[in-house]
Amino acid sequence: MKYKKSDVPDFRKAEGSAFSLKGRMLRQAVVRKSVKSLTGDIEDLRSLSCLADSDIQSSQLRLFLSGLMQDVDRKEGMATLFARLGSSINRQAKKKLIGNLIYNWGYVGEKIRYRFASYEQWLPGTLVISPTMRCNLHCTGCYSGLYEKAGDLNEEEIDSILDQARKLGIYFVVVSGGEPYVLKDMWLRLFRKYSDMYFLTFTNGTFIDRETARALGKLGNVAPAISVEGYAAETDERRGKGVHAKVLNAMHNLREEGVLFGTSVTYTSKNIDTITSDEFVKYYIDQGAIFSWFFMFMPVGKDPILDLVPSPEQRLMTGRRIADLRKRLPIFLADFWNDGPAVGGCLAGGRSYLHIVSNGQVEPCVFAHFGIDNIREKPLIEVVNSPFFKAIRNRYPYSDNANLMRPCMIIDNPEVLRSVVAEYLVPEGHPHSEDLIHDPDVISWIDTYAQEFKELTDPIWNERIADEKYRWYKEGKEYPRLFWFRRQAANIKPADPVEEMVMQEK
């Protein structure tokens with residue numbers, strides 16, 4: 001790294017209270033009480049409600065607990081999921097889930113961000129690292145397949161990145177690639193060193209043997225997300241013959257060691273009916289999956305297969321099906337991009353996360369392969385607040401009605417990505433990454449898609465934000481917050497006291 005440790009602020013020291021003796025005792029009490037409630041019995045989850053009245057003042061945590069208690073009453077959704085957690089994962093995994101993800105990330109991290117973040121110094125909550133682009137598989141249409149394979153971030157560099165992240169209040173790190181377990185021994189050392197952080201690793205699963213699963217079980221702070229395309233036939237067709245059998249073996253190993261793990265699914269125009277069926281989700285629940293990330297196939301890279309992108313109608317239907325499955329089945333399901341309203345829209349450009357690739361370049365999103373800054377040359381906080389990333393945040397929420405049903409700056413609001421890349425002359429992350437914004441055929445296709453999805457979702461969104469019971473009610477507290485960056489950039493003062501309060505709260 002070309003910069004000194006003194007260039008990296010440590011907001012934990014300045015915040016103080018969460019790291020005092022009282023703060024550490026509070027964390028221990030929360031973890032102890034929470035782990036005791038994870039017995040596998042839904043009714044035992046009611047004891048978690050007391051956390052909402054404790055010294056923990058976190059909007060995310062309160063929202064989570066409120067939803068959980070409602071689901072306990074109905075015996076559905078998160079209640080059935082947490083009951084499964086209680087009976088499926090080991091004690092160490094429970095402690096790290098509560099202590100690292102819910103307490104450190106959801107409470108301590110939020111506390112730091114709310115105190116020290118400002119328009120000029122924004123602090124994201126999550127970091128994505130792709131330390132290597134090497135992989136033992138050659139999957140058709142891989143979104144990262146065109147990156148340079150030579151050269152990885154070394155252990156010292158990743159150590160520095162994680163240290164910086166934690167000082168900024170980032171306790172949740174996603175590890176992608178490439179295949180992260182190509183560097184398995186290094187990551188096991190880092191997972192152990194940063195034992196107060198929580199890691200989600202996207203993996204093909206082929207390196208997770210019994211020894212690796214046992215190590216992850218002892219750590220408790222790592223949740224592997226194993227990629228599948230469907231059942232054996234669909235997975236092997238894209239990933240190679242025999243890969244699905246290795247996936248099932250990895251899941252068996254993780255399940256036996258009580259590790260929290262899940263799946264990662266790319267949905268296309270061809271496999272939607274399969275991957276949104278009860279049978280499919282139940283199949284992987286039976287294998288031990290606690291969660292599943294659903295990613296819509298994106299038209300990135302050379303000669304993108306546009307026919308595989310779900311149509312606007314298919315995309316909307318997929319979102320409805322996954323939302324229904326989430327209510328009825330004991331598994332956490334996240335849908336990119338249909339869950340835009342749940343997370344407040346696009347997360348990119350450092351608003352909520354950023355992506356560091358194996359050559360040190362920093363991208364606004366794992367699907368937007370453009371980057372100006374290199375983490376080897378600038379500290380993380382400086383990269384997050386670069387003019388390029390600020391320009392993305394200043395355009396958020398990308399549409400005048402803040403339609404969070406179409407949150408993406410790549411495929412839903414393509415003029416955003418094109419304008420910021422052109423304005424800052426951002427170099428491509430790999431050959432053909434610029435096809436997304438320069439190829440006339442791809443541009444025409446994306447523009448048509450974006451307009452069709454707008455026409456499909458705007459009436460739904462406008463009806464929702466007119467409902468005072470909806471989270472994003474346009475006259476409520478949260479909706480004006482969506483325009484905070486845009487108004488700060490334009491030096492627009494709040495129109496009324498309620499809006500002023502929201503803007504100050506960030």
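Ion pairing of Asp163 with Lys167 is present here, as a side-chain N (NZ or NE/NH1/NH2) and a carboxylate O approach within less than 4.0 Å. Under the 4.0 Å criterion applied to side-chain N and carboxylate O atoms, Asp209 and Arg214 are not assigned as salt-bridge partners. Of the charged side-chain nitrogens involved, none lies within less than 4.0 Å of a carboxylate oxygen, so that Asp335 and Arg326 do not count as a salt-bridged pair. Glu257 has a carboxylate O that lies under 4.0 Å from a charged side-chain N of Arg210, or vice versa, which qualifies the two as a salt bridge.
Using a distance-only test at 3.5 Å, with no hydrogens or angles considered, a donor-acceptor pair links the side chain of Trp461 to the main chain of Asn401. Of the possible polar contacts, none joining the Arg487 side chain to the Phe483 backbone as a donor-acceptor pair under 3.5 Å is found. Checked by atom type and distance alone, the side chain of Asp71 pairs as donor or acceptor with a backbone atom of Met78 at under 3.5 Å.
Here CD1 of Ile392 is found 8.0 Å from OG of Ser386. Values are rounded to the nearest 0.5 Å. Considering CG of Asn104 and OH of Tyr198, their distance stands at 12.5 Å, rounded to 0.5 Å. Rounding to the nearest 0.5 Å gives a distance of 7.0 Å between NZ of Lys327 and CD of Glu76. To the nearest 0.5 Å, atom CD1 of residue Ile275 and atom CZ of residue Phe294 are 5.0 Å apart. Between the CG atom in Leu325 and the NZ atom in Lys282 there is a gap of 9.5 Å [rounded to 0.5 Å]. The structure places CG of Asn338 at 12.5 Å from CG of Leu333, a figure rounded to the nearest 0.5 Å.
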If you apply the rule side-chain contact (heavy atoms from CB on, under 4.5 Å), what do you find for Leu354 with Leu127, and how did you get there? CA-CA 6 Å; Leu354 48 84; Leu127 183 66; 3.2 Å; yes
side-chain contact (heavy atoms from CB on, under 4.5 Å) assessment of Ser118 paired with Gln121: CA-CA 5 Å; Ser118 65; Gln121 179 182 268; 3.7 Å; yes
Kindly indicate, with the supporting measurements, whether the criterion side chain to side chain donor-acceptor pair (under 3.5 Å) is fulfilled by Glu156 and Ser160. CA-CA 6 Å; Glu156 181 181 1; Ser160 173; over 6 Å; no
Full working for side-chain contact (heavy atoms from CB on, under 4.5 Å) between Asp324 and Arg320: CA-CA 6 Å; Asp324 175 63; Arg320 289 168 175 164; over 6 Å; no
Applying salt bridge (Lys or Arg N to Asp or Glu O under 4.0 Å) to Asp278 and Arg321, what does each step give before you reach the verdict? CA-CA 10 Å; Asp278 282 45; Arg321 287 183 177 179; over 6 Å; no
Could you walk me through whether Phe199 and Leu162 pass the side-chain contact (heavy atoms from CB on, under 4.5 Å) check? CA-CA 11 Å; Phe199 297 87; Leu162 295 178; 4.0 Å; yes
Going through the checks in order, is the side chain to side chain donor-acceptor pair (under 3.5 Å) test met by Lys184 and Thr212? CA-CA 8 Å; Lys184 178 174 60 177; Thr212 304; 3.0 Å; yes
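Phe295 and Trp337 have perpendicular rings, their planes meeting at more than 60° on a 0 to 90° scale where under 30° would count as parallel. A parallel orientation is assigned to the rings of Tyr283 and His244, their planes being inclined by less than 30° (bins at 30° and 60°). Classification of the Trp484-Tyr119 ring pair by plane angle, with boundaries at 30° and 60°, yields perpendicular. Aromatic ring pairs are classed by plane angle as parallel below 30°, tilted from 30° to 60° and perpendicular above 60°; the pair Trp293 and Phe332 is perpendicular.
The only option from Leu482, Asp412, Asn413 that meets the side-chain contact (heavy atoms from CB on, under 4.5 Å) definition with Tyr398 turns out to be Asn413. When each of Thr201, Thr203, Thr206, Thr132 is checked for a side chain to side chain donor-acceptor pair (under 3.5 Å) with Tyr181, only Thr201 meets the rule.
The environment of NZ in Lys75 is crowded: more than 12 heavy-atom neighbours from other residues, nucleotides or ligands sit within 6.0 Å.
Annotation: Trp122 is not in aromatic contact with Phe389 [ring centroid separation under 6.0 Å not met].
Pairing each heavy atom of Gly125 with each of Trp105, the nearest pair is O-NE1, 2.8 Å. Between Leu316 and Ile460, the closest heavy-atom pair is CD2-CD1, 4.0 Å. The nearest pair of heavy atoms linking Lys477 to Pro480 is O-CD, 3.5 Å. In terms of heavy atoms, Pro131 sits closest to Trp187 at CG-NE1, 3.5 Å. Here the closest heavy-atom approach between residue Val259 and residue Pro224 is recorded as CG1-CD, 4.0 Å. In this structure, Tyr3 and Ile375 approach most closely via the heavy-atom pair OH-O, 2.9 Å.
When only modelled atom types and interatomic distance are considered, Ser292 and Thr263 share a side-chain donor-acceptor pair under 3.5 Å. For the residue pair Thr39 / Asp41, no side-chain donor-acceptor distance below 3.5 Å is found, with atom types taken as modelled. Between the side chains of Asn403 and Arg464, no donor-acceptor pair of N or O atoms lies under 3.5 Å. Side-chain atoms of Glu229 and Thr266 form no donor-acceptor pair, as typed in the model, at a separation below 3.5 Å.
Within the structure, side-chain hydrogen bond (donor to acceptor under 3.5 Å, both in side chains) contacts touching residues 79-101 (residues at least two apart or in different chains) are Arg27-Asn100. For residues 191-205, the set of pairs meeting the salt bridge (Lys or Arg N to Asp or Glu O under 4.0 Å) definition, not counting sequence neighbours, comprises Asp159-Lys193, Arg166-Asp196. For residues 68-99, every residue pair satisfying the ring-ring contact (aromatic ring centres under 6.0 Å, His included) rule, not counting sequence neighbours, is listed here: Phe64-Phe82.
Using a 4.5 Å cut-off on side-chain heavy atoms (C-beta onward), Pro397 and Arg486 make contact. Between Leu45 and Leu38 the shortest side-chain heavy-atom distance falls below 4.5 Å. Looking at Leu190 and Met197, their side chains never come closer than 4.5 Å, going by heavy atoms from C-beta outward. In this structure the side chain of Ile331 never reaches within 4.5 angstrom of the side chain of Tyr284, judged on heavy atoms. In this structure the side chain of Phe388 reaches within 4.5 angstrom of the side chain of Pro364, judged on heavy atoms.
Stacking of Lys111 on the aromatic ring of Phe11 is not recorded, the 6.0 Å distance cut-off and the 45° axial limit not both being met.
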